[in-house]
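Keep in mind the model is a prediction, meaning the values are calculated, not measured.
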Amino acid sequence: MKQHYGIIELGKIENICEMAMEIDLITAQFVHYPDCQQLTIWLPQYGRQGYGNIRLINNNIKTIVDDKPVADRLNGSVQILWDTLDLPPSNYTLEIEHPKGGKHILHFRKYAKTRGRKKEKLLPVPPPQDTPSVSQTYRDGFGKAVPNEDLILTEQLTKQLTGQFTRHITYEGSFRSGYVIYVQGDKRIKFSHEMGGGQCKFYIDIPSQKAWAAATNTPLSNRADIIEFVAHTVQTDQASSWQYEIREDCIYYY
């Protein structure tokens with residue numbers, strides 16, 4: 001199959017349905033290296049509950065390129081990965097059938113050839129609609145303000161779970177050297193990486209346990225989970241046939 005190395009420029013993301021304002025948008029990112037490229041999409045909710053088909057349309061020739069159940073395209077719970085090297089230059093529309101009816105829509109353009117490295121474009125999920133808030137304190141029988149512990153805990157857990165489902169990885173540089181960036185909400189942690197030698201094909205530097213909190217501004221208790229997420233996601237995104245090993249200061253890929 002012929003491969004097309006031109007870059008992809010992401011366009012408008014929208015929802016088409018009667019409840020468009022009540023449904024969060026998808027998030028999309030295009031990553032391009034000299035010998036590979038990939039379109040990554042994050043759904044706003046769990047992808048195996050009610051989603052229909054994901055459909056790619058070549059608008060220039062008015063042809064459906066691919067049409068499969070969302071579940072067949074999922075990598076995990078909310079992430080969809082699409083190898084775009086076989087897509088010829090054209091204007092495309094990606095449709096994802098939503099559980100509540102209607103569709104998520106992503107418009108993008110594939111160029112004929114690479115015209116110099118372009119910075120990856122990330123289209124973020126818009127902020128949620130304003131909702132009525134409940135006070136984090138209440139008054140006891142003597143009129144004294146008392147913290148509403150149940151509400152505070154619920155809000156903390158909701159924020160934590162939202163972060164877990166929307167976190168993702170972005171990349172800077174090239175395969176030879178650059179950065180793997182962990183993104184969760186407004187938090188960004190940059191890990192440098194380089195091409196390896198011998199049996200090691202690629203490695204990512206990670207702060208030691210002693211240096212973790214100062215280097216990442218993140219509690220040490222989150223270190224193992226973040227590192228495992230980074231290791232597994234990079235393997236899935238860039239090197240699915242490789243194995244990885246997590247050590248004290250590096251993630252090695254063989």
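When atom types are taken as modelled, the side chain of Tyr179 and the backbone of Ile189 share no donor-acceptor pair closer than 3.5 angstrom. Looking at Glu194, its side chain never comes within 3.5 Å of a backbone N or O of Asp205 through a donor-acceptor pair.
Residues Leu81 and Ile7 do not share a hydrophobic cluster, defined by chaining ILVMFWY side chains whose heavy atoms lie under 4.5 Å apart. Using a 4.5 Å cut-off between side-chain heavy atoms of Ile, Leu, Val, Met, Phe, Trp and Tyr, with links allowed through other members, Trp242 and Tyr244 fall into the same hydrophobic cluster. Put simply, Tyr51 and Ile54 are part of the same group of oily side chains (I, L, V, M, F, W, Y) that touch within less than 4.5 Å, one to the next. No continuous path of hydrophobic side-chain contacts links Leu39 to Ile57 [ILVMFWY only; heavy atoms under 4.5 Å]. Both Ile8 and Tyr111 sit in one connected hydrophobic cluster of ILVMFWY residues. Membership requires side-chain heavy atoms under 4.5 Å apart, directly or through other members.
For the pair Pro89 and Ala112, the tightest heavy-atom approach, listed with the atom from each and the gap, is CG-CA, 3.4 Å. Nearest heavy atom pair, residue Tyr182 against residue Ile169, reads CA-CD1, 3.9 Å. Looking at every heavy atom in both residues, Val234 comes nearest to Tyr253 through CB-OH, 3.4 Å. In this structure, Cys250 and Tyr252 approach most closely via the heavy-atom pair CB-CE1, 3.3 Å. Nearest heavy atom pair, residue Trp42 against residue Gln29, reads CH2-OE1, 3.6 Å. Minimum interatomic distance between Gln38 and Asp237 (heavy atoms only, all atoms of both residues): OE1-O, 3.3 Å.
Ring-plane geometry between Phe202 and His193 is classed as tilted, the angle between the planes lying from 30 to 60 degrees on a 0 to 90 degree scale. His104 and His98 have perpendicular rings, their planes meeting at more than 60° on a 0 to 90° scale where under 30° would count as parallel.
The NZ atom of Lys103 sits 13.0 Å away from atom CD1 of Ile26, with the distance rounded to the nearest 0.5 Å. Atom OG1 of Thr216 is separated from atom CD1 of Ile206 by 11.0 Å, given to the nearest 0.5 angstrom. To the nearest 0.5 Å, the span separating CG on Leu56 from OG1 on Thr63 amounts to 10.5 Å. Distance CD1/Ile105 to CG/Leu94: 8.0 Å, rounded to 0.5 Å. The CZ atom of Arg109 lies 13.0 Å from the CG atom of Leu10; values are rounded to the nearest 0.5 Å. We find the CD1-CG distance between Ile41 and Leu74 to be 10.5 Å, quoted to the nearest 0.5 Å.
Surrounding CZ of Arg176 are at most 12 heavy atoms belonging to other residues, nucleotides or ligands under 6.0 Å away. Other residues, nucleotides and ligands contribute at most 12 non-hydrogen atoms within 6.0 Å of the NZ atom of Lys68. Environment of CG in Asn217: sparse, with no more than 12 heavy atoms of neighbouring residues, nucleotides or ligands closer than 6.0 Å. Within 6.0 Å of the CD atom in Gln199, the count of heavy atoms belonging to other residues, nucleotides or ligands does not exceed 12.
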When you look at Gln238 and Val31, which way does the side-chain contact (heavy atoms from CB on, under 4.5 Å) test go after all the steps? CA-CA 10 Å; Gln238 309 295 341; Val31 178; 4.2 Å; yes

Verdict with reasoning, Asp225 to Arg167, per side-chain contact (heavy atoms from CB on, under 4.5 Å): CA-CA 12 Å; Asp225 176 64; Arg167 62 180 178 172; 2.8 Å; yes

List the steps, then state whether side-chain contact (heavy atoms from CB on, under 4.5 Å) holds for Gln209 with Leu220. CA-CA 7 Å; Gln209 292 193 42; Leu220 181 60; 4.1 Å; yes

Any chance you could lay out the side-chain contact (heavy atoms from CB on, under 4.5 Å) test for Gln79 and Thr40, step after step, and finish with the verdict? CA-CA 7 Å; Gln79 185 184 65; Thr40 306; 3.7 Å; yes

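Annotation: side chain of Gln45 is not in contact with side chain of Asp24 (no heavy-atom distance under 4.5 Å). Residues Val180 and Tyr171 meet the side-chain proximity criterion, which asks for heavy atoms closer than 4.5 Å. In this structure, Leu85 and Tyr5 have side chains that are in contact, with non-hydrogen atoms separated by less than 4.5 Å. No side-chain heavy atom of Val70 sits under 4.5 Å from any side-chain heavy atom of Glu97.
Using a 3.5 Å distance cut-off with no hydrogens or angles, the side chains of Glu245 and Tyr203 do not pair a donor with an acceptor. A side-chain donor from one of Lys110 and Gln37 sits under 3.5 Å from a side-chain acceptor of the other.
Considering Trp82, Phe30, Phe108 as possible partners of Tyr92, the one that fulfils the ring-ring contact (aromatic ring centres under 6.0 Å, His included) test is Phe108.
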